[in-house]
Amino acid sequence: MSMLSDILRDLRRLIAPPTCPICGGPLPDENVGVCTMCELTAPLTNTWIERENAMTERFWGLVPIEHASAFLWYVEGSEWREAIHRFKYKGAWHSAYALGRWYGNHLKESGNYDDVDLVVPVPLHWLRRIGRGYNQSEYLADGIAERLGVEVDRGSVVRRRYNRTQTSRSHLQRWDNVKGIFAVRNAERLRGRHILLVDDVFTTGATIMSLGETILQAVPDARLSVATLAATPRSLNRKE
């Protein structure tokens, strides 16, 4: 079966060679997720390397977490920002998966996420999922979980209330917009687990903190960590 899978993969690469989700160039190694040039020039935050970093500081006194990191800087006008917009709004879900695998490689190498038991992507409301056709955070979670060697849980936490997009909202409006939007419907599956919460972009952190609070209220013995694909420099008090 493995030999057949290898043959089918090689045939697929021959007919439709994988391309870099950032620049569209040839992709020499699917395990990396981007081409060599984009890998070398990627605006990495390196927050996953240190146990205490600018990302973990954002959660202090708000939601207890084990680790937190963002992979890339989300900068206005950047081709990386455009790539995130493509997989978030324009159907390029395969890019989210590829970038998730790349991010997962770095999380694995850091050793800080070795005891993660389960990956939980930030849920979308079913109405928004129908409109978009998919949840981009699930594809990020799939890629990360594959590299960490753990499962993805898509059903234990749901978004019970449809809330308007956070884009263009003020800091306070973002927090008001996410109050009470999540619910845990399978607490037993989360009990006593170290859960990695995954989202695409960290701005105020309102959404993922609301998710974390909801889980801990229902499952007090759960442990939480956070991994977002990107973060705005302002969100981590860094000049652009």
Side-chain angles (χ1 to χ4, degrees), residues 4-49 55 69-110 119 121-122 124 128-148 152 154 165-168 196 198-203 227-236 238-240:
L4 177 59
S5 297
D6 290 342
I7 293 173
L8 291 175
R9 184 195 62 215
D10 292 341
L11 182 61
R12 185 171 63 250
R13 287 177 64 92
L14 182 63
I15 297 173
T19 58
C20 175
I22 308 302
C23 70
L27 194 64
D29 185 353
E30 287 182 289
N31 291 326
V32 174
V34 297
C35 70
T36 302
M37 182 57 67
C38 287
E39 181 183 10
L40 292 173
T41 59
L44 303 181
T45 71
N46 292 321
T47 49
W48 62 89
I49 298 172
M55 185 85 160
S69 63
F71 192 45
L72 304 161
W73 291 115
Y74 189 75
V75 180
E76 192 76 29
S78 164
E79 59 189 356
W80 296 87
R81 182 179 183 276
E82 294 307 312
I84 292 172
H85 272 227
R86 284 195 296 273
F87 74 62
K88 189 169 183 175
Y89 301 115
K90 299 181 181 179
W93 57 264
H94 58 282
S95 298
Y97 177 66
L99 292 171
R101 293 176 73 197
W102 185 27
Y103 189 9
N105 284 339
H106 286 270
L107 295 179
K108 183 70 174 177
E109 290 171 3
S110 76
V119 178
V122 171
L124 278 183
R128 182 161 291 152
R129 188 183 185 110
I130 288 175
R132 187 172 296 171
Y134 59 93
N135 179 357
Q136 71 281 355
S137 293
E138 288 185 3
Y139 286 106
L140 286 171
D142 285 340
I144 290 172
E146 178 187 316
R147 292 315 189 204
L148 294 181
V152 176
R154 296 173 176 79
T165 179
Q166 296 282 69
T167 305
S168 300
L196 180 63
V198 171
D199 202 5
D200 48 18
V201 180
F202 186 92
T203 49
T228 66
L229 181 65
T232 62
R234 180 179 297 178
S235 70
L236 302 189
R238 178 181 184 269
K239 292 182 179 180
E240 299 196 31

For the residue pair [X] and [Y], what are the closest heavy atoms and their distance?
{"X": "Tyr74", "Y": "Ala230", "answer": "CB-CB, 3.9 Å"}
{"X": "Ala92", "Y": "Phe87", "answer": "O-CB, 2.9 Å"}
{"X": "Val75", "Y": "Pro233", "answer": "CG2-CG, 4.1 Å"}
{"X": "Thr232", "Y": "Thr203", "answer": "CG2-CG2, 3.7 Å"}
{"X": "Ala141", "Y": "Val152", "answer": "O-CG2, 3.6 Å"}
{"X": "Leu107", "Y": "Ala227", "answer": "CD1-CB, 4.2 Å"}

With sequence neighbours left out, what residues match [X] under side-chain contact (heavy atoms from CB on, under 4.5 Å)?
{"X": "Thr36", "value": "Pro28, Leu40"}
{"X": "Glu82", "value": "Arg86"}
{"X": "Pro26", "value": "none"}
{"X": "Ala231", "value": "Ala70, Phe202, Ser235, Leu236"}

**Item:** Heavy-atom check, side chain of Leu229 versus side chain of Val201, under 4.5 Å
**Value:** no
**Asked** Side chains of Pro121 and Leu140: does their closest heavy-atom pair fall under 4.5 Å?
**Response** no
**Prompt:** Does Tyr103 have any ring pair (Phe, Tyr, Trp, His ring centres under 6.0 Å) partners at least two apart in sequence or in another chain, and if so, which?
**Reply:** Phe71
**Fill in**
Sequence neighbours excluded, the answer for ring pair (Phe, Tyr, Trp, His ring centres under 6.0 Å) partners of His85 is Tyr89
Which residues share a salt bridge (charged side-chain N to carboxylate O under 4.0 Å, His left out) with [X], sequence neighbours left out:
{"X": "Arg154", "value": "Glu138, Asp142"}
{"X": "Asp200", "value": "Lys88"}
{"X": "Arg81", "value": "Glu76"}

What's the separation between atom [atom1] in [X] and atom [atom2] in [Y], rounded to the nearest 0.5 Å?
{"X": "Arg147", "Y": "Glu109", "atom1": "CZ", "atom2": "CD", "answer": "10.5 Å"}
{"X": "Trp93", "Y": "Tyr134", "atom1": "CH2", "atom2": "OH", "answer": "10.0 Å"}
{"X": "Ser78", "Y": "Ile22", "atom1": "OG", "atom2": "CD1", "answer": "8.0 Å"}
{"X": "Ser95", "Y": "Gln136", "atom1": "OG", "atom2": "CD", "answer": "12.0 Å"}
{"X": "His106", "Y": "Ile144", "atom1": "NE2", "atom2": "CD1", "answer": "11.5 Å"}

**Request:** Please report the C-alpha distance between Trp80 and Cys38 in whole Å, then the side-chain angles of each, then the deciding distance to 0.1 Å, and finally whether the side chain to side chain contact (heavy atoms under 4.5 Å, CB included) criterion is met.
**Result:** CA-CA 9 Å; Trp80 296 87; Cys38 287; 4.0 Å; yes
**Request:** Please step through side chain to side chain contact (heavy atoms under 4.5 Å, CB included) for the pair Tyr97 and Glu146, ending with a clear verdict.
**Result:** CA-CA 10 Å; Tyr97 177 66; Glu146 178 187 316; 2.3 Å; yes
**Prompt:** After noting the C-alpha distance and the side-chain angles of Val34 and Leu99, does the key distance pass the side chain to side chain contact (heavy atoms under 4.5 Å, CB included) rule?
**Reply:** CA-CA 8 Å; Val34 297; Leu99 292 171; 3.8 Å; yes
**Message:** Could you work out, with side chain to side chain donor-acceptor pair (under 3.5 Å) as the rule, every residue matching Thr47, not counting sequence neighbours?
**Reply:** Thr45
